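Please read these numbers as outputs of a predicted model, since none were measured by experiment.
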Amino acid sequence: MAEATCRRELELEIPAEEVTKKIESVAKEFARLANVPGFRRGKASCFADPAEKFAEDIKGEVLQSLVPERVKKPWPSRN
């Protein structure tokens, strides 16, 4: 059976303060769970190494949580 290849493009706007809050929240969680040399487990400052070391992971986590939230919200009418 042939696989259907249907693509849709979606543009979302998420307020900067919402993204910043989510980044801080996820960075704190990473710092809590991270095993960073020089720090006891869970005691690493989110402003020290984890935010830089795990930047791509934090970005991915933020995108995976914010995008579905936005897609589920009601769309404004174009009338």
Any chance you could measure Lys22, atom NZ, to Glu24, atom CD, to the nearest 0.5 Å?
12.0 Å
Quick one: list whatever passes side chain to side chain donor-acceptor pair (under 3.5 Å) with Glu69, sequence neighbours left out.
none
Results of side chain to side chain contact (heavy atoms under 4.5 Å, CB included) for Pro15 - residues two or more places apart only
Glu17, Glu18, Arg70
Between side-chain atoms of residues 57-64 and protein atoms elsewhere (two or more places apart, or another chain), which donor-acceptor pairs fall under 3.5 Å?
none

